[in-house]
Amino acid sequence: MPREDGRMDDGRTESAPLTKQDFEALARFRFGIRRYLRFSEEAVRSHGLTPQHYQLLLALKGFPGREWATMRELADRLQLRHHSVVELVDRAQKQGLVDRAPHPPDARAIRVQLTAAGQRDLARLSALHRDELRRMSAVLALPTWEGPEGAAG
């Protein structure tokens, strides 16, 4: 429910009603996301990995400032529970994609890092993903909105 100042209780401003064009833009964007995710799932599986393994490898290689991450950091990046990440890392380690190493500053934490095989698989699959994103750039462009909240400045 909006307050007198037009803001919602959570701090957002009240949104204007959506137009037919807004619904079409949202649907087009959602369709593009789903098409990309389906491409990703099929590409990854055709190379012998699960989509979850690819996401894990990408989260490790793309972690800001370093080439490893802790289980807690991976859980946050992958939006999974800690025990689910432990199981995912166990499976990836059995496939030779990642290794665990002690984390010297905190003996309770474990560093997870890519192996050479994980690096190779990730490089090959990420190049395919980059190329697909380039092909899909028009479909995945963020919708533009009319009106006070979405007007381009």
Side-chain angles (χ1 to χ4, degrees), residues 7-8 10-101 103 109-153:
R7 298 183 80 62
M8 302 298 280
D10 63 3
R12 296 176 295 137
T13 57
E14 185 176 8
S15 295
L18 279 80
T19 66
K20 172 70 170 142
Q21 292 79 16
D22 291 337
F23 285 108
E24 289 175 7
L26 286 168
R28 186 173 41 255
F29 185 66
R30 175 66 178 84
F31 173 68
I33 291 171
R34 185 60 203 124
R35 248 182 58 198
Y36 175 73
L37 290 174
R38 184 172 182 157
F39 158 82
S40 178
E41 292 162 4
E42 291 174 357
V44 168
R45 284 192 175 104
S46 74
H47 285 82
L49 296 179
T50 67
Q52 295 80 10
H53 282 143
Y54 175 69
Q55 291 171 26
L56 171 66
L57 301 181
L58 187 58
L60 285 167
K61 185 69 174 180
F63 199 84
R66 59 182 195 253
E67 299 275 329
W68 57 269
T70 65
M71 295 287 188
R72 175 173 284 137
E73 291 167 334
L74 289 170
D76 181 53
R77 286 291 169 138
L78 298 172
Q79 292 295 285
L80 295 172
R81 292 193 174 127
H82 185 271
H83 72 274
S84 297
V85 172
V86 171
E87 292 170 5
L88 179 60
V89 168
D90 286 345
R91 292 191 307 269
Q93 190 171 18
K94 286 178 186 168
Q95 283 189 268
L97 302 171
V98 300
D99 275 330
R100 287 179 165 101
H103 184 55
I110 299 293
R111 291 182 180 187
V112 182
Q113 54 203 23
L114 294 173
T115 62
Q119 297 263 10
R120 281 191 305 273
D121 287 348
L122 178 63
R124 183 173 58 246
L125 288 166
S126 293
L128 293 173
H129 282 76
R130 180 195 56 206
D131 295 346
E132 183 66 9
L133 281 170
R134 285 180 174 155
R135 282 190 289 279
M136 294 184 68
S137 63
V139 178
L140 287 173
L142 289 175
T144 56
W145 310 110
E146 300 300 322
E149 289 181 36

Salt bridge (Lys or Arg N to Asp or Glu O under 4.0 Å): pairs with one or both residues in residues 117-129, sequence neighbours excluded: D121-R124
Only pairs under 3.5 Å count here: list side-chain donor-acceptor contacts from residues 65-76, not counting sequence neighbours, and write none if there are none.
| unit_1 | atom_1 | unit_2 | atom_2 | d |
| --- | --- | --- | --- | --- |
| R66 | NE | W68 | O | 3.1 |
| R66 | NH2 | E73 | OE1 | 2.4 |
| R66 | NH2 | E73 | OE2 | 2.5 |
| E67 | OE1 | K61 | NZ | 3.1 |
| T70 | OG1 | E73 | N | 3.1 |
| T70 | OG1 | E73 | OE1 | 3.3 |
| E73 | OE1 | T70 | N | 2.8 |

Shortest non-hydrogen separation from V98 to T115 and the atoms involved: C-CG2, 3.6 Å
Sole candidate of L97, L57, D99 that passes side chain to side chain contact (heavy atoms under 4.5 Å, CB included) when paired with L114: L57
Nearest heavy atoms of A109 and H103, plus distance in Å: O-CB, 3.4 Å
Closest non-hydrogen atom pair between Q95 and L49, with its separation: NE2-CD2, 4.1 Å
Minimum heavy-atom distance P17-D22, with the two atoms named: O-OD2, 4.3 Å
Listed once per pair and sorted, the side chain to side chain donor-acceptor pair (under 3.5 Å) pairs that draw on residues 79-92, sequence neighbours left out: D90-R100
Straight-line distance of D131 CG to S126 OG, nearest 0.5 Å: 10.5 Å
Atom pair CZ/CG of R135 and L140 - distance to nearest 0.5 Å: 12.0 Å
Throw together a table of side-chain donor-acceptor distances under 3.5 angstrom for residues 27-44, partners on residues two or more places apart or in other chains.
| unit_1 | atom_1 | unit_2 | atom_2 | d |
| --- | --- | --- | --- | --- |
| R38 | NE | E42 | OE2 | 3.0 |
| S40 | OG | H129 | NE2 | 2.6 |

Spacing of T50 atom OG1 and L88 atom CG [to the nearest 0.5 Å]: 6.5 Å
Spacing of CG belonging to L122 relative to NE2 belonging to H53, to within rounding of 0.5 Å: 13.0 Å
Residues in salt bridge (Lys or Arg N to Asp or Glu O under 4.0 Å) contact with K94, at least two apart in sequence or another chain: none
Non-neighbouring partners of A101 that pass side-chain contact (heavy atoms from CB on, under 4.5 Å), sequence neighbours left out: R111, Q113
Distance-minimising heavy-atom pair for A117 and G96: CB-O, 3.7 Å
Separation between CG of L125 and CZ of R130, rounded to the nearest 0.5 Å: 12.5 Å
